[in-house]
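Right, one structure below, let's go through it.
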Protein chains: 2
Amino acid sequence: MAWDTDLTRERLLTAGVRQFAKHGFAGARIDAIGADAGVNKERVYRYFGNKEGLFQAVLASQLAGLLDGLAAHGSGPAAVGNLAGAMFDRCEAQPDLPRLLAWESLELDHAVGIDARRPVCAGVAASIGSATGSDHEAATQALLSIIVVVVSWTTLPRLTDAVAPGTSGAARRAAVVAHATAIGTSLTLDA
Amino acid sequence: MAWDTDLTRERLLTAGVRQFAKHGFAGARIDAIGADAGVNKERVYRYFGNKEGLFQAVLASQLAGLLDGLAAHGSGPAAVGNLAGAMFDRCEAQPDLPRLLAWESLELDHAVGIDARRPVCAGVAASIGSATGSDHEAATQALLSIIVVVVSWTTLPRLTDAVAPGTSGAARRAAVVAHATAIGTSLTLDA
DNA sequence: GCGAATTCCAACCGTATGTTTGGAGATTGG
DNA sequence: CCAATCTCCAAACATACGGTTGGAATTCGC
């Protein structure tokens, strides 16, 4: 039986994604991560140093994926709505991603991999700016609002239970696109 | 020295608010809550049963406060923007509140005190509906988006670091009000 | 005013948890 | 082919943690 160190590292990472997304940093258990990965938990320390090292590696590997390759294509408010829709679909395809984003903010004092993430964010914000003809600051704030509206469908399910019980994913997606479009409209008019 | 059971209960509750808001359910420590409250940690079990009992009591005591007494006063999109502004100010005055809301969604399977919270949410949604002339469903979805945009300023600080670094509270408040107003505008036009 | 009930705390308990260790199998270099 | 090196695991370790206990101080019922 040959050894594949890259594979064990990868297994630990994806198990970490699942476990940290579900339980957060404080709630996740190293034992459970090892079991989920199908390797001995001691491997975590050889590959990632300690629990926090694995957590940071997990966040660094996932969080860029929220915006990477996304943009407001075309021009006008609809471009902003479409961006939100694409982001929404991405979060439904990878539900661990928004939850990791939420845990990061609640449990860490500093954003992970910030130098790599900022340019991606700036690029998407710039695409909003050119689609709507708005300035950098306004486009950036709009992007921030759109992201939180999108990810909240995954990160704040209990709030949905309280405010809009029984909302379907499709209904929420339509509302998110509509609200992002509305924000895009206000940017277009202000400009 | 007289005994004041209501006071010790209250001390535990407010200490629980602080500790759970800061560290979440899994991350908070019963010892720390007792120390924060200035009473023996055993008191937690006499008054609230166990750690989860205290957590639920904390959530039940706080979460209603996000929307209680709030409404979209007047008519037109500005009423929606003002609602968002008032909600934003409330969250800045009580920063523990939005964080507790976030922990609840991430760590619990069921919303706490849902029967008491739903009517409050429905009332605020109705005020949006009458201010904009929109139907129940659209107003409810709008309220949901507005809440998440408001609370995210507190609950997702690392995301702000990545997307809009250096944003001041005042600048973010203005953006939130603008975006809520934009959503209100779209509701008004659709109706 | 006195016995029963209540509030409270210090110390304790059992276990869960992050981390380390020792050594057994696999791989590599020469 | 063999010694050094590396991967991996089972077991152990120290401590942190949620929860309990026994008894002292205080209050309550009468």
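Lettering of chains follows the sequences in order, A, B, ..., and the numbering in each one begins at 1.
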Test item: A:R43 side-chain N/O and A:L12 main-chain N/O as donor-acceptor pair under 3.5 Å = no

A:T154 backbone acceptor or donor facing A:R99 side chain under 3.5 Å = no

For A:R158 and B:L106, indicate whether the former's side chain and the latter's backbone hold a donor-acceptor pair under 3.5 Å.
-> no

Once you round it to whole Å, what is the distance between P of D:dT21 and CZ of B:R43?
-> 14 Å

Answer yes or no: does a side-chain N or O of A:T8 lie under 4.0 Å from OP1 or OP2 of D:dC8?
-> yes

Is it true that B:E104 and B:R117 make a salt bridge, defined as a side-chain N closer than 4.0 Å to a carboxylate O?
-> yes

Scan B:V39 against the nucleic acid and name what it touches under 4.0 Å (heavy atoms): base, sugar-phosphate only, or nothing.
-> sugar-phosphate

When rounded to the nearest 0.5 angstrom, what distance separates CD1 in A:I30 from OH in A:Y45?
-> 4.0 Å

Side-chain contact, heavy-atom cut-off 4.5 Å: B:L67 with B:C121?
-> yes

Provide a list of protein-nucleic acid N or O atom pairs under 3.5 angstrom, restricted to nucleotides 1-4 of chain C.
none

All N/O pairs under 3.5 Å across the protein-nucleotides 18-23 of chain C interface:
unit_1, atom_1, unit_2, atom_2, d
C:dG18, OP1, A:A28, O, 3.2
C:dG18, OP1, A:R29, NH1, 3.2
C:dG18, OP1, A:K51, NZ, 2.9
C:dG18, OP2, A:I30, N, 3.0
C:dT19, OP2, A:Y45, OH, 3.2
C:dT19, OP2, A:K51, N, 3.0
C:dT19, O4, A:K41, NZ, 2.7

Between A:W103 and A:F20, is there a donor-acceptor pair closer than 3.5 Å when you use the side chain of the first and the backbone of the second?
-> yes

Restricting to pairs with a member in residues 16-39 of chain B, which pass salt bridge (Lys or Arg N to Asp or Glu O under 4.0 Å), not counting sequence neighbours?
-> B:R18-B:D36, B:D31-B:K41

In whole angstrom, give the distance that lies between atom CZ of A:R9 and atom C1' of D:dC8.
-> 16 Å

